[in-house]
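Predicted model only: the values in this text are computed from it and were never measured.
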Amino acid sequence: MAVEASDGPASFKRSSASKSNQLHSEMRNSASDRKESLLEKKIPKCDDSEDEEDNMSLSAIRMKVTHDNDKKATPNALKKSYDDSDDDDIPLSARLPHNTNLGESTLSVKRPLDEIGSLHSSSKKSKLSNPGSSINAKQISVKSDAKVEEEEDDDDIPISGKMNKVVKLVDKPSSSKKLKNVTKVNKGAAPSFKKKEKVKKSGNESEQLSSGDGQKKWTTLVHNGIIFPPPYKPHGVKILYKGKPVTLTPEQEEVATLFAVMRDTEYMQKEIFKDNFWNDWRELLGENHVIQNLKDCDFTPIYDWCQIEKDKKKQMSLEEKKALREEKIKQEEKYMWAIVDGVKEKVGNFRAEPPGLFRGRGVHPKMGKLKRRIRPNDVVINIGKDAPIPECPIPGESWAEITHDDTVTWLAKWRDPIKPNKLKNVSLAASSSWKGQSDKEKYQKARMLKSYIGNIRAAYTKGFTSKDITKQQIAVATYFIDKLALRAGNEKDDEEADTVGCCTLKVENVTAEGHNKLKFDFLGKDSIKYENTVEVELPVYKAILKFQKDKQPGDDLFDKLDTSILNAHLKELMPNLTAKVFRTFNASFTLDDMLNKETKDGDVAEKTAVYQHANKQVAIICNHQRSVSKNHSAQISKLNEKIDELQAVLKELKIDLDRARKEKPPLKRSSDGKNKRNLNPEAIEKKIAQTSAKIEKMQRDIHTKEDLKTVALGTSKINYLDPRITVAWCKRHEVPIEKIYTKTLLEKFAWAMDVDPDFRF
DNA sequence: TGAGCAACTTAGCATCTGTCTA
DNA sequence: TAGACAGATGCTAAGTTGCTCA
């Protein structure tokens, strides 16, 4: 079956960045070529089996290519294989000492990751080396292959095991005596799920892939709750109202201070921000307060006081700063860890959000509103039934509720004071097994789409001309999501910024410009502008004109569609397929494709430049933008000045070289006023080379800075690029993984470090 | 069937921290 | 050794998705 129309996918050019988008277009063409061959020739062997083969460890590669990077975390030390923990029949908790009490000194030091690896690894090797588990030999249809891929890859199975009845209790905080008792009860508890067994029994493909909503996520869960910001300390600095100092109560002063420190931000230029602040602050001031409007308030004294405090902090000695940091760590240490089924895991956000003024993005109707202080009685704690209930850190107060819900992964939650129908959750850090497993499942699903994409594209191409308007809209929307990496686009209420995604595009967001060109112009997530002019296939162009006919600005372009209809349709095409999978698929596919086409022989710097280039293309595809930093132009000017100076030096050196060759002394004084030494021609040539290299480096820096000033590379690296592509490429090309990933990302992607060097997305 | 909710992921900006340079 | 700077990390807003219930 043909995957694309014979003339290939539409070529896309973003008006604002034509060069890069031409590349984008080329990439897509090449990508589709490859996909087509995949369908016609059947998918190659499923790569997960490659994970199971013996492969050169990353640490070995690092030893080969780096000798001077010892201070950084070694990937070997960071290996924390989920494969290991998942595959064993022995529950993790059974392999770790029970009765582990969080917050005790035994847990005050982070368990080294290599130790975690050693806890799990022994039984893995034997299983992984089992040739019988390889799926290389399987040559079956595309869909079957994809299914096999899932089944063979044990790691894709949700952590969750059997369904467990949710037990909910409402407890009051217990005494320490009670905590000890509960800990003892916990001693005997052991996780009972066996993932591997579950998979083999289950014949339901989608169930295997699902992240397991409503399924049991843990058996034992121990943690210490969350920490709250210290109470407000009044400073007593008065604001001026009509030029006269006004005394405020501590509550009024606290909110005034939150406003004062916003002086240099763009929020202060927005009337909604100031209006919302005034409404909330006025309530605190009371009706008969001397302050009757915001316009006559001068917050400068508080602003100045804050600046002085900031400077004082800056001026502290290194020792003082270090002491403060250590004190903070000491206070927070016990909140930083949780024990899940006997495994110590890092907690992500264990601090309650401090009070502040709401900083909604774009034109948000609630910006400037007071986000009140979160108190323990706002917070629901989720913890193991037998675990000690965390002590409430604020004396005299208590948690809102204690639950023991083993079907969720949050440790604590509270209602967002700004949007009361939204919850804020405290969960494990990105480096945790839960997040790692979920990440891997995400990439496996995206990888699975590779096997289906040909059929999906053929289906939506057919749908472009469907007489059923709903089917036609689904087809065009899917095309946009696939080709332009648009987000699904849920409905939003009036209390949010007015942004759109694919399903919520308005008539005015897409303009037909003739010659099959469509101009997209809208605000997407975070009110980031999406502006792109693309050439589409003729039936798509015609369909858009049809959808716009007889509609007014403000009307929905896809009036027969919403995200649930779209996703329901996608699920008919591939198990568990949703709109967002396309973004992951296209991002990872592009990286894989570009790295493999563009990496040439060269030094590490050249190879990392190739990676950065590919990363940038993905960021452009996903429309990951950032605002130009405040001092960008200053930095560029400074670099240009330095280049000018160096060029003057270079000029002088060339004269000196000329003179030296004629055995004449250098010019008496150099341009910077310093006396010069008498150097031989070789030494001057060396200096010339060094100076030229400096100039070249600075010119490259300027180019890179300009090139990336509005592109955010991090978002795609963290959320869209399958780390196995990166790790395998690093292994193949002897690039130290530390050149690509920070320490934190190495921890987050620990599950990917064992990948075979031949891995392809 | 659709609204509302809950859970979790994705996102950009602010702040912190470590390194480089004068 | 201080200040500048870049990169790393933290924070929290803003999405997507799936489920429940009327």
Side-chain angles (χ1 to χ4, degrees), chain A residues 71 210-214 217 261 265-266 310 313-315 317-318 321-322 325 328 348-354 356 358-362 364 366-367 371 380 382 405 407-410 413 415-416 418-430 434-435 438-439 442 487-493 496-497 499-504 523-528 562-568 570-571 576-581 583-584 587 619 622-627 629-631 634-635 638-639 642 701 704-705 708 710 712-716 718-720 741-748:
Chain A
K71 284 176 190 168
S210 144
S211 60
D213 276 344
K217 303 282 201 310
V261 296
T265 69
E266 281 189 15
K310 218 171 164 183
K313 213 175 155 191
K314 235 180 188 177
Q315 295 304 321
S317 68
L318 278 177
K321 283 182 189 169
K322 200 180 162 195
R325 209 163 34 213
K328 192 179 176 221
N349 51 331
F350 50 84
R351 299 179 189 95
E353 291 176 16
F358 178 66
R359 298 182 180 205
R361 292 161 193 170
H364 198 295
K366 290 190 170 183
M367 64 165 66
K371 199 174 78 169
V380 178
N382 189 37
D405 187 350
T407 69
V408 294
T409 58
W410 54 266
K413 70 174 179 184
R415 236 162 241 295
D416 184 346
I418 296 293
K419 290 169 264 182
N421 59 341
K422 299 272 179 200
L423 294 163
K424 298 270 190 175
N425 289 347
V426 171
S427 54
L428 295 183
W434 278 343
K435 300 280 184 186
S438 166
D439 235 19
K442 173 182 78 182
R487 295 185 185 85
N490 286 302
E491 293 292 335
K492 299 187 76 180
D493 63 40
E496 294 172 288
T499 62
V500 299
C502 185
C503 294
T504 44
L523 295 181
K525 183 180 179 182
D526 294 315
S527 294
I528 297 291
D562 63 26
T563 51
S564 59
I565 294 171
L566 181 72
N567 282 334
L570 294 176
K571 279 180 183 58
N576 292 297
L577 182 62
T578 60
K580 74 175 207 154
V581 182
R583 275 169 77 82
T584 314
C622 295
N623 200 37
H624 291 148
Q625 297 184 27
R626 60 173 181 160
S627 53
S629 72
K630 281 175 201 162
N631 56 350
Q635 285 172 5
K638 210 169 177 181
L639 279 169
K642 277 187 183 171
D701 286 351
T704 308
K705 270 184 196 292
L708 298 176
T710 58
L713 300 185
T715 309
S716 49
I718 294 166
N719 299 301
Y720 288 104
Y741 288 148
T742 62
K743 186 177 137 277
T744 310
L745 282 184
L746 284 171
E747 287 176 9
K748 173 177 161 76

State whether [X] places a side-chain N or O below 4.0 Å from either non-bridging phosphate oxygen (OP1 or OP2) of [N].
| X | N | value |
| --- | --- | --- |
| R351(A) | dC11(C) | yes |
| K442(A) | dT10(B) | yes |
| R361(A) | dG15(C) | no |
| H364(A) | dA14(C) | yes |
| K492(A) | dG15(C) | yes |
| K424(A) | dA7(B) | no |
| R487(A) | dA14(C) | no |
| N421(A) | dG4(B) | no |
| T715(A) | dG12(B) | yes |
| K525(A) | dT9(B) | no |
| T499(A) | dA14(C) | no |
| K422(A) | dA14(C) | no |
| N490(A) | dG15(C) | no |
| T578(A) | dT16(C) | no |

Determine, step by step, whether L423(A) and R415(A) satisfy the side-chain contact (heavy atoms from CB on, under 4.5 Å) criterion, reporting the C-alpha distance in whole Å, the side-chain angles of both residues, the deciding distance to 0.1 Å, and the verdict.
-> CA-CA 5 Å; L423(A) 294 163; R415(A) 236 162 241 295; 3.8 Å; yes
Within the 4.0 Å heavy-atom criterion, would you say [X] contacts the bases, only the backbone, or no part of the nucleic acid?
| X | result |
| --- | --- |
| D562(A) | nothing |
| P420(A) | nothing |
| I528(A) | sugar-phosphate |
| S564(A) | nothing |
| A579(A) | sugar-phosphate |
| T409(A) | sugar-phosphate |
| G489(A) | sugar-phosphate |
| G524(A) | sugar-phosphate |
| K571(A) | sugar-phosphate |
| D526(A) | sugar-phosphate |
| S627(A) | sugar-phosphate |
| E496(A) | nothing |
| K322(A) | nothing |

Kindly point out which of [options] is positioned nearest to the side chain of [X]?
| X | options | result |
| --- | --- | --- |
| R415(A) | dA6(B), dC5(C), dA11(B) | dA6(B) |
| T742(A) | dA13(C), dC8(B), dT9(C) | dT9(C) |
| N425(A) | dT17(C), dA8(C), dA7(B) | dA7(B) |
| N349(A) | dT12(C), dT9(B), dC5(B) | dT12(C) |

Look up atom CZ in R487(A) and atom SG in C622(A), then write down how far apart they are to the nearest 0.5 Å.
->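 Answer rounded to 0.5 Å: 8.0 Å.
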Distance in Å, K321(A) NZ paired with K313(A) NZ, rounded so as to fall on 0.5 Å steps =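 Nearest 0.5 Å value for the NZ-NZ distance: 9.5 Å.
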Mind calculating the distance between [atom1] ([X]) and [atom2] ([N]) to the nearest angstrom?
| X | N | atom1 | atom2 | result |
| --- | --- | --- | --- | --- |
| R583(A) | dT16(C) | CZ | P | 9 Å |
| K638(A) | dT21(B) | NZ | C1' | 10 Å |
| K217(A) | dA6(B) | NZ | P | 16 Å |
| K419(A) | dT12(C) | NZ | P | 13 Å |
| K314(A) | dT17(B) | NZ | C1' | 14 Å |
| Q625(A) | dC13(B) | CD | P | 9 Å |
| R325(A) | dT9(C) | CZ | P | 14 Å |
| K743(A) | dG10(C) | NZ | C1' | 13 Å |

Do the side chains of [Y] and [X] get nearer than 4.5 Å, heavy atoms only?
| X | Y | value |
| --- | --- | --- |
| N349(A) | K424(A) | no |
| T578(A) | K571(A) | yes |
| R626(A) | L708(A) | yes |
| Q625(A) | T710(A) | no |

On DNA chain B, check which nucleotide each of R359(A) and K580(A) is closest to and give me the residue with the more 5' one.
->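 Of the two residues, K580(A) wins.
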Comparing nearest nucleotides in DNA chain B, the 5'-proximal residue of the pair K642(A), R626(A) is R626(A)
Output, in order, the C-alpha distance, side-chain angles, deciding distance and verdict of side-chain contact (heavy atoms from CB on, under 4.5 Å) for S527(A) and H364(A).
-> CA-CA 9 Å; S527(A) 294; H364(A) 198 295; over 6 Å; no
Hey, which sits more toward the 5' end of DNA chain C by its nearest nucleotide, E491(A) or L745(A)?
-> L745(A)
When the nearest nucleotide of DNA chain C is assigned to G501(A) and to Q315(A) on a heavy-atom basis, which residue is associated with the more 5' position?
-> Q315(A)
Looking at T504(A) and G489(A), what are the two nearest heavy atoms and their distance?
-> CG2-O, 3.4 Å
